[in-house]
Amino acid sequence: MAQTRERVPVVIVEYDQIARTIAERIAALIRERNAAGRPAVLGLATGSTPIGIYRELIRLHREEGEAFCAGYEQAIRDAGGIDFQILGIGKTGHIGFNEPGSGVESRTRLIALDTVTRRDASADFFGEDNVPTEAITMGVASILDAREIALVATGEHKAAIVRRAVEGEPDPDVAATYLQNHPDATFYLDPAASAELTRVKT
Ligand code: PGA
């Protein structure tokens, strides 16, 4: 065995291996602490040396997020599918958080929240700056798989988007229009939210 004069533990491996090892150690620590209901408190260095560690942490976090979403879809399937789905509608026309552009095939995933959605949520978060920029949402396809759907909207601030969702052409920019093609979806509206519908206005 080679002689050493080291007075402290030393690991000698390539940098990518160092980054992986430390990132995995941090991830394990976060899980451990979270399981105990406590946050993990990290002292992070600046400079270029640790950047590979942080990159690896981001990759692990993404992987975990994707696994969470796949697990959520699997849990729905394992339960035999959704019998009855309640939905709200956002001012962007989102159902779940399926913001404009969400495809009809979309499944549970991480999505960037629309500026309009973040502004609308600001009261609940005590200021727009506190509103998360991203959310995990069931996808359009996950929602349309439900056997029965009730979309509920109240208040005059929803009247315009309700009209678009109910009377407008199906449009990926207004996810709620996808409900027009569902065999058992009903919009439950209070009078204020229904105010822009043609049958109410005429
Ligand atoms: P709200 O949100 O019920 O707070 O109006 C509805 C939604 O964004 O889906």
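Residue numbers run from 1 in the order of the sequence given. We count ligands from 1, going down the list as the structure has it; atoms in each ligand are counted the same way.
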A.B. asks: Taking S106 for its side chain and S102 for its backbone only, find out whether a donor-acceptor pair lies under 3.5 Å.
C.D. replies: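 No; judged by distance alone, with no hydrogens or angles, the pair does not exist.
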A.B. asks: State whether D16 and R55 are salt-bridged, where the test is any N-O pair (Lys NZ or Arg NE/NH1/NH2 against Asp/Glu carboxylate O) under 4.0 Å.
C.D. replies: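 R55 and D16: not salt-bridged.
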A.B. asks: Regarding ligand 1, does K158 bring an N or O atom to under 3.5 Å of one of the ligand's N or O atoms?
C.D. replies: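 Yes - when backbone and side-chain N and O of K158 are compared with those of ligand 1, one distance drops under 3.5 Å.
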A.B. asks: Starting from atom 7 (C) of ligand 1, find the nearest protein heavy-atom neighbour and note its residue, name and distance.
C.D. replies: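 Its nearest protein heavy-atom neighbour is H94 NE2, 3.3 Å.
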A.B. asks: Are R164 and D171 within salt-bridge range, i.e. N to O under 4.0 Å?
C.D. replies: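 Yes, R164 and D171 are salt-bridged.
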A.B. asks: For G90, counting its heavy atoms only, list the atoms of ligand 1 lying under 4.0 Å from any of them.
C.D. replies: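 Here the atoms of ligand 1 in question are 7 (C), 8 (O), 9 (O).
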A.B. asks: Got the closest protein heavy atom to atom 6 (C) of ligand 1, with its distance?
C.D. replies: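 Heavy-atom neighbour on the protein nearest atom 6 (C) of ligand 1: I89 O, 3.6 Å.
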A.B. asks: Hey, does the side chain of T177 reach the backbone of P170 with a donor-acceptor pair shorter than 3.5 angstrom?
C.D. replies: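 Judged by distance alone, no pair lies under 3.5 Å.
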A.B. asks: Judged by non-hydrogen atoms, does K91 sit under 4.0 Å from ligand 1?
C.D. replies: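 Under 4.0 Å: no for K91.
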A.B. asks: Enumerate the residue pairs fulfilling side-chain hydrogen bond (donor to acceptor under 3.5 Å, both in side chains) with a member in residues 29-51, sequence neighbours excluded, ordered by first and then second residue.
C.D. replies: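 Matches after skipping sequence neighbours: R31-E64.
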A.B. asks: Protein non-hydrogen atoms only, distance under 4.0 Å: does atom 4 (O) of ligand 1 have such a neighbour?
C.D. replies: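 There is no protein heavy atom less than 4.0 Å from atom 4 (O) of ligand 1.
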